[in-house]
2 protein chains.
Amino acid sequence: MEYGNGTENGIGKSNGISNGHGIGDGHGNGYVNGNGKVNGEKVKKMKPMDSEVLREQGHIMVDFIADYYKNLEDSPQDFPVLSQVQPGYLRDMLPDSAPDHPEPLKELLDDVSKKIIPGLTHWQIPSYFAYYASSTSVAGFLGEMLSAGLSVVGFTWLTSPVATELEVIVLDWLAKLLQLPDHFLSIGNGGGVIQGTGCEAVLVVVLAARDRIMKKVGKTSLSQLVVYASDQTHSSFRKACLVGTTSSAAVDPLVPLGKIAKSYGIWMHVDAAYAGNACICPEFRKHIDGVENADSFNINAHKWLFANQTCSPLWVKDRYSLINALKTNPEYLEYKVSKRDEVVNYKDWQISLSRRFRSLKLWMVLRLYGAKNLRNFIRDHVNLAKHFEDYVAQDAHFEVVTTRYFSLVCFRLAPVDGDEDKCNERNRELLATVNSTGKIFISHTVLSGKFILRFAVGAPLTEEKHVNEAWRIIQKHASIHNKKY
Amino acid sequence: MEYGNGTENGIGKSNGISNGHGIGDGHGNGYVNGNGKVNGEKVKKMKPMDSEVLREQGHIMVDFIADYYKNLEDSPQDFPVLSQVQPGYLRDMLPDSAPDHPEPLKELLDDVSKKIIPGLTHWQIPSYFAYYASSTSVAGFLGEMLSAGLSVVGFTWLTSPVATELEVIVLDWLAKLLQLPDHFLSIGNGGGVIQGTGCEAVLVVVLAARDRIMKKVGKTSLSQLVVYASDQTHSSFRKACLVGTTSSAAVDPLVPLGKIAKSYGIWMHVDAAYAGNACICPEFRKHIDGVENADSFNINAHKWLFANQTCSPLWVKDRYSLINALKTNPEYLEYKVSKRDEVVNYKDWQISLSRRFRSLKLWMVLRLYGAKNLRNFIRDHVNLAKHFEDYVAQDAHFEVVTTRYFSLVCFRLAPVDGDEDKCNERNRELLATVNSTGKIFISHTVLSGKFILRFAVGAPLTEEKHVNEAWRIIQKHASIHNKKY
């Protein structure tokens, strides 16, 4: 398994510059250190940034990454979806300490091919069906590049006005695509903010809700506060303390929940990390009916809006609830303009101070694909999941366990003679067997004591043929198990 | 101010594919949607990922970013360091909603040049001296690209073993460069983890410390817990509620503090977000003498180790203190191998579940530069700061306010006739005036009631000539002020 076609070009320039002369520290990475002369030639001092080195090495890296995707698609047999390495495999392959001297990019990329790639579980390979996908795209990747390239920090408006202003605008755009109520838009008291992850979104919402209620009931009541969540909620929820149904992508009944929340003065948060993305399609929007009664709402655009890790938009009805809970005003960040009412300082909407130019890639995804294509990408995934569900439904050995709304199918080998324990064991074995082939990766959960298999479509290269092949593998290994029992 | 030299290439391919035919949705972004024919030619359906589109557009983006750095260096006069736009400037320049149809990359990059770049405060321009730098580098940028390209999620060992194993190894490497005591290495009960930001590092440490003490004293004592920190601590600390001296980069006396902490059973955290990076140089290591008595230690490698936003390594003496406070075991993440002792699951070391392949860029920075060059980069910055300090010290109108240890100089116009109020006012005006030139950007803080100017060296392109020019500007505007008063 070799990578890096195309990485030969452009490295040649640095050959001939080597250590061992007692003058320079460079090992062929474009420069040496020390302003010295090597072999009689004047050589450049190594610098952390040089536009021409960035250009040369950036092109090499683009080819390396493009080759990776080409190979994932053309030669999937070379890439076990679930990495097959053993714990501790890497320790013996790398030195015990960082090098004193620079190493050439070519050598590093050789190591990536030989040592790093085998230890990857390939989330972007067409036959990845585990957990929820972490959907990337060309636009999402380009957005990451540009954000890393401009490399500004947007903690206050002043520290890069556009980082803040674009985020306000793009989250209004996305709120409109999701048909969120106007009170989540920036025009009133509401607004959106991109959190690093869904967990961070939930945490800041819990802090805002806590702050709001404690202003009413007093600080000493902290231990009496209660959080309600589904029994299938995301693990972040246990840490941060809202509503999430990670296991099965079930949909909570928001309308009656909203009425209860309203009458008791409860902060209602709707965590639609995965399925919320599908609500840009009119036919799926009904699943968040009732969101108009929520205080806050979040989706993970890196899960299913092709935004690359990480991008977790959060909208709140009352931005001051967040700001009151999270605001800090250290003197070293004070500036006259920051106090103007129209200025948003996102440091006051999140846990951390530092923040990258987070909205750039979301803006690029929305513009480079357009809403129609994004909807179609999502519909393609849902249709592929439906296709898989049809296979399951047609095989008497299997059963679909929960209603499928989106691109996740929860299914299992059906129990024989009502023996649930043996059924769980058989599904556990089937999971381990199909994943150990390296040809597909699916995951599992437990619902009401049942061990369930999860087949989630969302990788950006997945097509019908990959779903067909996945079903063939699952069916084949199931029939081996059926013979065994 | 035009960008995108080189962006003309490779776009040509998509010309001629346009909307308005009622068949495809594409506007020239490499594809159209719909499997239809345009102008009689069979066209490809638009997909979120295509290796050849990634290659073509990735090369365009590399040139765009390389041109940005070239222009920052060659034509700094075209880029006000501190953005000069007014609040709300962007709203009128962008449409009210996301486009339905895809737009070409060229059009997007034109918008970046004309609408986005003017709203940036250029953190990477040579004359950026505000706050602390957010140091990028070619290697850090390449690391971001590769991480975004491979796009795996490393929440458990299983979900990409190398993402976890490389992090364990690279943080051991870095701990050795920093000469941290062995108990922070992964060989014993300690170990390192990369947090998203310093704020996250501090937050997880507070949670671990709280968990440890509450196991001793009982949960009802929560309101009696106390956190000690310097009066100059970072704003995150107020939220997360350790030790930080963000304003002036002062150094707390760790040895006596460690003795006190030990005798009272207090968790001691050393937040060396900025200055800790310099401790890879033997001559600066003394500033963290006493770290052997700390329970935890963090640095921000994106501040001054050329790792690009964001990368915040945290080491703990007892990894189980973190894990006990933060572990979750949702069924959908359970897997046999995860229970083996040698397996690290970083989801249990942080707030969030999701995490990118965080160690990749740190590994690339360490290898592509080598320890010797990294030390020299830091020494160059310290020497430039010392050079600036010498200017300040030689001008009787100015004074150096605090002892300079690293690359931050805290200084001000000296008071006249002991009038501190007027002195504060003059320094405030000087700050506003020099920053409004757009030629340099410095920041400020308040120490013991004094309004102080901060000159922090750390941008990757800064050279002596930029420091000389900065001093010339400051001195010039100060003399105008001197005449005024």
Side-chain angles (χ1 to χ4, degrees), chain A residues 25 46 48-49 51 53-55 58 61-62 65-66 69-70 83 85 87 90 97-103 119-121 123 134 136-138 142 144-145 148-149 151-153 160-162 165 173 197 199 235 306 309 328 330-332 342-343 352 354 356 366-367 370-373 445-446 460, chain B residues 25 33 46 48-49 51 53-55 58 61-62 65-66 69-70 83 85 87 90 98-103 119-121 123 134 136-138 144-145 148-149 151-153 160-162 165 173 176 197 199 235 306 309 328 330-332 342-343 352 354 356 366-367 370-373 445-446 460:
Chain A
D25 278 348
M46 196 169 199
M49 178 53 72
S51 60
V53 175
L54 186 148
R55 192 186 309 274
M61 189 59 87
V62 165
I65 293 166
Y69 280 96
K70 186 171 165 46
S83 175
V85 300
L90 190 62
S97 56
D100 280 334
H101 300 277
E103 297 176 351
L120 293 176
T121 290
W123 287 62
S134 177
T136 189
S137 64
V138 175
L142 295 175
E144 284 286 334
M145 276 180 72
S151 209
V152 299
V153 187
S160 257
V162 72
E165 299 210 1
W173 284 13
T197 64
C199 301
S235 60
F306 309 92
Q309 285 273 327
T328 56
E331 178 62 37
Y332 51 86
E342 71 267 47
V343 168
S352 291
S354 275
R356 296 160 48 124
L366 292 171
R367 288 189 61 178
K372 286 193 176 187
N373 278 307
T445 193
V446 170
Chain B
D25 278 348
N33 186 44
M46 198 169 197
M49 178 53 72
S51 59
V53 175
L54 185 149
R55 192 186 309 273
M61 190 58 88
V62 165
I65 293 166
Y69 280 96
K70 186 171 165 47
S83 175
V85 300
L90 190 63
D100 281 334
H101 301 278
E103 297 176 351
L120 294 176
T121 291
W123 286 63
S134 176
T136 190
S137 66
V138 175
E144 284 286 335
M145 276 180 73
S151 208
V152 300
V153 186
S160 257
V162 72
E165 299 210 0
W173 285 12
K176 288 175 188 171
T197 62
C199 300
S235 60
F306 308 93
Q309 286 274 325
T328 56
E331 178 61 36
Y332 51 86
E342 71 267 45
V343 168
S352 291
S354 276
R356 296 161 49 127
L366 291 172
R367 288 190 61 179
K372 287 197 176 184
N373 278 307
T445 192
V446 171

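Everything quoted here is computed from the prediction, not taken from an experiment. Within every chain, numbering begins at 1; the chains are lettered A, B, ... in the order of the sequence lines, protein sequences first and strands thereafter.
Only the side chain of B:K176 comes within less than 4.5 Å of a heavy atom in chain A; its backbone stays farther off.
Rounding to the nearest 0.5 Å places CD of A:E144 at 6.5 Å from CD of B:E144.
Here the side chain of A:R356 pairs a donor or acceptor atom with the backbone of B:Q309 at under 3.5 angstrom. Using a distance-only test at 3.5 Å, with no hydrogens or angles considered, a donor-acceptor pair links the side chain of B:E165 to the main chain of A:L90. With hydrogens and angles disregarded, a donor-acceptor distance shorter than 3.5 Å links the side chain of B:S160 to the backbone of A:T121.
Residue with the most contacts toward chain B among A:S354, A:A148, A:P460, A:P87: A:P87 (heavy-atom pairs, distance under 4.5 Å). Considering only heavy-atom pairs separated by less than 4.5 Å from chain A, the leading option among B:L366, B:V343, B:V152 is B:V152. Among B:A98, B:S134, B:S137, the residue with the largest count of heavy-atom pairs under 4.5 Å with chain A is B:A98. Considering only heavy-atom pairs separated by less than 4.5 Å from chain B, the leading option among A:G370, A:G119, A:A371, A:P48 is A:P48.
When all heavy atoms of A:Y69 and B:S51 are compared, the closest pair comes out as CB-CB, 3.9 Å. For the residue pair B:I65 and A:G149, the shortest heavy atom distance occurs at CG2-CA, 3.8 Å. Across A:P99 and B:W173, no two heavy atoms sit closer than the pair CD-CZ3, 4.0 Å. Contact record, A:T136 with B:M49: CG2-CE, 3.9 Å, taken as the closest heavy-atom pair. Counting all heavy atoms, side chain and backbone alike, A:M46 lies closest to B:N373 at SD-ND2, 3.1 Å. The two residues B:E331 and A:V446 make their nearest non-hydrogen contact at CG-CG2, 3.1 Å.
Taking 4.5 Å as the limit, every side-chain heavy atom of A:L54 sits out of range of all side-chain heavy atoms of B:K70.
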